[in-house]
Number of protein chains: 2
Amino acid sequence: MKKVTIQDIAKELDIAFSTVARALNDHPAISEATKKSVRETAQKLGYRQNKLASSLRSGHSNTIGIMVPSLDVSFFSSVVHGIEKIMNDNGYSILLYQSNESYESEKKGIETFLNSRVAGIIASVAKETTLYEHFAEIKRRRIPLLFFDRVVEALQVPSVTIDDYKGGFLATEHLIKQGYKRIVHITARQTMGIFTERLKGYRDALRQYGLPVDDRLILYGDFSLDFGRECIRELHRQKIAFDAVFALEDFTAMGALQQLLAYKVRVPEEVGVIGFANESFAALVTPGLSTIDQQTVPMGEAAAGLFLKMLRSEDLYNNLPNRVVLDPHLIARASTARLASS
Amino acid sequence: MKKVTIQDIAKELDIAFSTVARALNDHPAISEATKKSVRETAQKLGYRQNKLASSLRSGHSNTIGIMVPSLDVSFFSSVVHGIEKIMNDNGYSILLYQSNESYESEKKGIETFLNSRVAGIIASVAKETTLYEHFAEIKRRRIPLLFFDRVVEALQVPSVTIDDYKGGFLATEHLIKQGYKRIVHITARQTMGIFTERLKGYRDALRQYGLPVDDRLILYGDFSLDFGRECIRELHRQKIAFDAVFALEDFTAMGALQQLLAYKVRVPEEVGVIGFANESFAALVTPGLSTIDQQTVPMGEAAAGLFLKMLRSEDLYNNLPNRVVLDPHLIARASTARLASS
């Protein structure tokens with residue numbers, strides 16, 4: 001015998017599929033009369049509700065949306081794994097959306113999450129984004145919103161970040177202690193908080209160790225493998241002397257490293273290179289890329305822990321938001337090991 | 001003046017938030033009487049519908065769910081990017097779910113997609129999964145379902161894969177042509193179609209070039225960096241002679257490569273190593289890892305193209321499913337360049 005479906009009931013009663021589904025799940029929007037006739041028709045046709053369908057009942061209160069710039073970046077995928085683990089253990093499912101660093105895509109993703117009636121949203125902001133109405137809308141609807149790593153300060157919602165100032169300081173201090181003196185810093189053209197903090201840390205470390213801050217050594221641009229290569233080519237074209245590079249993140253550092261090797265510059269003997277984020281490739285390349293570890297697992301755990309509190313909270317946004325700031329760690333590898341190799 | 005929200009209207013009329021939202025969006029499940037009173041109250045209170053909310057109107061017919069084993073694997077994230085690009089251009093949003101290779105998590109993810117009322121699902125199956133009821137349910141509901149890379153053949157739904165047999169043949173043939181003769185193949189314990197096809201290609205290439213198939217050289221297990229290392233240790237413990245390794249995928253190949261280097265074995269002079277998938281790290285490591293490229297961008301494009309047809313189709317599953325099979329490409333790097341280096 002053919003299995004009886006919701007469609008069969010809908011056809012029999014000449015009403016919409018969604019009306020039948022909601023009636024079977026006792027949805028408050030459906031009238032008692034409709035529910036009664038749906039139930040009677042279901043029984044008459046021999047319809048058996050399946051487990052999967054019956055979970056439709058509760059709306060989507062057990063689904064969380066996570067918005068990330070890109071899951072190609074292992075920093076983000078690693079934090080997401082940390083969040084997933086704890087949220088799954090607490091009975092939540094995770095839907096992901098990649099903004100691919102685009103403002104339009106991010107807006108669309110938030111809209112998609114809201115349409116999917118997620119119970120809350122955890123987000124890290126796209127690099128293009130400078131308007132925050134789509135995030136404000138989440139808060140306005142009193143849906144839990146938490147930022148990690150890239151935060152919209154003005155929105156006053158809970159967040160989990162690392163101390164980027166300290167990370168920038170640690171990276172620069174490490175280069176100085178390895179004997180490097182003319183340290184290039186590659187940073188971002190846009191004023192994303194995390195990158196200006198890393199830049200501040202770089203400046204302060206130079207000052208603290210009595211080295212001059214030379215503005216020609218601070219390069220502003222995009223962040224990518226290609227931009228890292230381009231920075232080294234530009235420094236060579238302009239004949240600017242330098243003996244180390246601290247890049248705002250690992251892909252850019254890797255591009256700089258590749259271009260230095262292409263120019264037959266010895267790393268770390270002549271030039272040291274350090275990145276930021278501890279991307280998975282950093283340990284696999286030769287020489288191994290020194291970097292700053294952003295504590296992705298503790299970050300994911302802290303984000304999930306804080307978010308679970310929000311989900312259970314009565315007065316979501318009435319108090320000052322809880323802000324967790326984690327300490328970054330220096331990972332010293334071969335690309336800066338001048339003392340060891342000299 | 002405080003902005004008037006849907007909550008304010010709901011409170012005023014003492015009805016549910018969702019009823020007000022649907023009434024404002026002219027949802028067919030809401031009675032004309034309710035719609036009228038909601039509209040009147042909205043006007044009275046000065047409510048202005050925002051753009052984001054008004055997109056709630058159309059249900060979720062513009063959202064597609066993609067289920068992947070793990071976005072840490074660049075093969076999957078790269079195919080996803082390919083799909084995203086085309087689906088976004090066609091007005092669809094993409095929600096992602098990682099099964100993390102777990103059957104339970106995959107089931108939960110499919111349920112979450114269905115609860116989110118996605119317009120269709122594109123999936124690659126978790127390695128743990130051997131029961132397919134959750135996928136059958138999608139088809140039963142007549143929601144478009146397409147598989148890529150890892151397919152459930154029995155379900156008879158459209159799919160996009162590469163010719164894994166040919167990939168296995170190409171990898172093995174390349175090693176033979178570089179002069180390697182005792183070629184280890186690391187494959188999976190479970191009988192996932194793609195891996196048995198690669199194994200078949202390996203066997204046939206050996207036969208075609210007149211080399212014996214030695215079952216001691218075929219190692220079965222999990223696939224991971226650690227398992228690749230373990231395979232080399234096991235071959236050494238058992239004193240089995242070999243001069244090349246073809247691993248079922250790049251992480252396993254990378255583990256084998258690392259363990260060989262730890263044993264001071266010269267790669268490619270003494271032992272050649274080739275993987276499968278062209279993971280992003282393969283070009284960055286030293287020596288560069290030879291591999292088989294799985295045409296991720298064409299795969300994503302083909303999957304999106306086929307899926308768009310399904311979304312527009314009237315009789316979704318009535319014909320034999322469309323199956324696209326792409327050709328894999330050999331990427332020869334330093335890890336197998338014995339002829340060049342001898």
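Here is how names work: the chains are called A, B, and so on, in the same order as the sequence lines, proteins then strands, and each is numbered from 1.
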Does the side chain of N278(B) come under 3.5 Å of the side chain of T291(B) through a donor N or O and an acceptor N or O?
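Looking only at side-chain atoms, T291(B) and N278(B) do not form any donor-acceptor pair under 3.5 Å.
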Checking [X] now: which residues fulfil side chain to side chain contact (heavy atoms under 4.5 Å, CB included) with it, not counting sequence neighbours?
X	result
A262(B)	Q259(B)
A304(A)	I83(A), I86(A), M87(A)
L284(B)	M254(A), Q258(A), F281(A), V285(A)

Query raised in the report: Should we say atom NZ of K85(B) is surrounded by more than 12 heavy atoms from elsewhere, each under 6.0 Å from it?
Result: no
Ranked by heavy-atom pairs below 4.5 Å to chain A, first place among T34(B), L71(B), D72(B) goes to D72(B)
With a 4.5 angstrom heavy-atom cut-off, which part of [X] approaches chain B: side chain, backbone, both or neither?
X	value
S280(A)	neither
F113(A)	side chain
E279(A)	neither

Residues of residues 97-106 of chain B with a heavy atom under 4.5 Å from any heavy atom of chain A, in residue-number order, are Y97(B), Q98(B), N100(B)
How far apart are the closest heavy atoms of P287(B) and S335(B), and which atoms are they?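 Scanning both residues completely, I find the closest heavy atoms to be CB-N, 4.1 Å.
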Turns out that what part of L95(B) lies under 4.5 Å from chain A's heavy atoms comes down to both
Quiz prompt | SB check D8(B) K11(B) (cutoff 4.0 Å) | solution = no
Margin query: With a 4.0 Å cut-off on N to O distance, would you call K107(A) and E111(A) a salt bridge?
Written below: no
